[in-house]
Amino acid sequence: MIGIEILYNKKPLFINMDLAQFLGLHEAVVLQQIHYWLKENQEENRGYRDGHYWINDTITQLESQFPFWSKPTIVRILGRLEKKGVLVKDKLDKNRFDHALSYRINYVRLEEIVKAATEITRLR
């Protein structure tokens with residue numbers, strides 16, 4: 001019997017309500033997960049390039065992390081985060097057979113967005 005136990009048996013995704021309000025729900029979910037993976041890389045001292053920690057993933061790998069979204073949806077979410085300037089994408093591995101992309105968060109831009117949104121909210 002699954003019952004209410006399903007709420008506790010799996011690793012949850014966390015949603016920061018403020019972040020969802022500022023960036024959008026889907027964007028907040030993805031950005032929070034990328035932040036989590038970046039912190040893991042930092043703790044294990046891997047993926048450090050150009051003064052930043054990066055994660056490397058293919059869209060298929062990201063799809064396994066977010067099985068409730070299709071590949072096109074994940075691509076659109078990543079694109080919106082890039083357009084907002086909070087997600088930086090690069091192909092750091094120049095091997096043409098490797099389809100993994102590298103991602104990092106532009107924490108400075110994220111802080112600018114949060115400050116601006118907070119100021120707008122305060123003025124209302």
Side-chain angles (χ1 to χ4, degrees):
M1 179 174 144
I2 294 176
I4 197 161
E5 294 154 5
I6 195 167
L7 295 172
Y8 304 104
N9 289 341
K10 298 196 179 211
K11 183 178 176 183
L13 289 173
F14 292 98
I15 300 169
N16 180 311
M17 292 190 319
D18 291 332
L19 189 60
Q21 183 180 355
F22 301 147
L23 295 179
L25 177 61
H26 294 171
E27 292 81 0
V29 170
V30 170
L31 200 65
Q32 182 62 55
Q33 282 303 110
I34 291 173
H35 173 72
Y36 172 80
W37 298 324
L38 288 171
K39 290 302 175 188
E40 277 196 352
N41 280 359
Q42 184 177 7
E43 289 174 8
E44 296 179 17
N45 198 29
R46 68 173 179 232
Y48 188 79
R49 293 186 193 101
D50 304 326
H52 303 279
Y53 285 94
W54 297 76
I55 61 163
N56 299 311
D57 279 315
T58 63
I59 296 300
T60 301
Q61 289 168 320
L62 290 172
E63 187 180 28
S64 72
Q65 296 293 321
F66 305 109
F68 39 84
W69 288 324
S70 66
K71 285 181 187 180
T73 297
I74 294 168
V75 169
R76 282 192 304 273
I77 294 166
L78 294 172
R80 288 192 297 264
L81 287 167
E82 286 178 69
K83 187 175 180 178
K84 292 176 184 190
V86 296
L87 186 67
V88 179
K89 175 178 77 173
D90 200 354
K91 182 150 175 51
L92 298 177
D93 186 348
K94 303 306 179 193
N95 178 347
R96 67 185 180 116
F97 298 107
D98 183 358
H99 298 289
L101 294 170
S102 297
Y103 299 94
R104 71 172 177 85
I105 295 175
N106 181 342
Y107 291 101
V108 172
R109 177 67 183 135
L110 179 59
E111 188 173 334
E112 292 170 355
I113 290 171
V114 170
K115 282 183 179 179
T118 303
E119 183 64 21
I120 290 169
T121 302
R122 188 185 66 79
L123 293 174
R124 288 184 181 167

> Just wondering, do Leu78 and Leu62 contact through their side chains at under 4.5 Å, heavy atoms?
Replying inline: yes

> Which atoms form the tightest heavy-atom contact between Arg104 and Leu87, and what is the distance?
Replying inline: O-CD1, 3.4 Å

> Of all heavy-atom pairs between Arg109 and Lys84, which one has the smallest distance, and what is that distance?
Replying inline: NE-O, 3.0 Å

> What closest approach, in Å, do Val29 and Phe66 show between heavy atoms, and which atom pair accounts for it?
Replying inline: CG1-CE2, 4.0 Å

> Do Leu25 and Ile15 come within less than 4.5 Å of each other through their side chains, counting heavy atoms only?
Replying inline: yes

> Does Ile77 share a hydrophobic cluster with Phe68, counting links as ILVMFWY side-chain heavy atoms below 4.5 Å and allowing steps through other members?
Replying inline: yes

>> Assess the residue pair Tyr103 and Leu81 against the criterion (side chain to side chain contact (heavy atoms under 4.5 Å, CB included)); give the C-alpha distance rounded to whole Å, side-chain angles, the decisive distance to 0.1 Å, and a yes or no.
In response: CA-CA 11 Å; Tyr103 299 94; Leu81 287 167; over 6 Å; no

> If you look at every heavy atom in Gln65 and Trp37, which pair is closest and at what distance?
Replying inline: OE1-CZ2, 3.3 Å

> Going by heavy atoms in the side chains, are Phe22 and Val86 under 4.5 Å from each other?
Replying inline: no

> Roughly how far, to the nearest 0.5 Å, is CD1 of Ile113 from OG1 of Thr118?
Replying inline: 11.5 Å

> Quick one: does Lys89's side chain have a donor or acceptor within less than 3.5 Å of a partner on Glu82's backbone?
Replying inline: no

> To the nearest 0.5 Å, what is the distance between OG1 (Thr73) and NE2 (His26)?
Replying inline: 8.0 Å

> Is there a donor-acceptor pair closer than 3.5 Å between any side-chain N or O of Asp50 and the backbone N or O of His52?
Replying inline: no

>> Given 3.5 Å as the limit, does a donor-acceptor pair link the side chain of Asn16 with the main chain of Ala28, or not?
In response: no

>> With heavy-atom distances below 4.5 Å as the criterion, would you say the side chains of Leu110 and Leu19 are in contact?
In response: yes

> Do the two ring centres, one from His35 and one from Tyr107, sit under 6.0 Å apart?
Replying inline: yes

>> Quick check for you: to the nearest 0.5 Å, what is the distance between Ile34 atom CD1 and Glu27 atom CD?
In response: 11.0 Å

>> Check whether Gln33 reaches the backbone of Val30 with its side chain - one donor and one acceptor, N or O, closer than 3.5 Å.
In response: no

> CD/Gln32 to CD1/Ile105 distance, rounded to the nearest 0.5 angstrom?
Replying inline: 8.0 Å

>> Looking at Gln42, I'd like to know if its CD atom is crowded, meaning that more than 12 non-hydrogen atoms belonging to other residues, nucleotides or ligands lie closer than 6.0 Å.
In response: yes

> If you measure from NZ on Lys91 to CG on Asn56, what distance do you get to the nearest 0.5 Å?
Replying inline: 9.0 Å

> Can Lys115 and Glu111 be counted as an ion pair, charged N to O under 4.0 angstrom?
Replying inline: yes

> Is the count of non-hydrogen atoms from other residues, nucleotides or ligands lying under 6.0 Å from Tyr36 atom OH greater than 12?
Replying inline: no

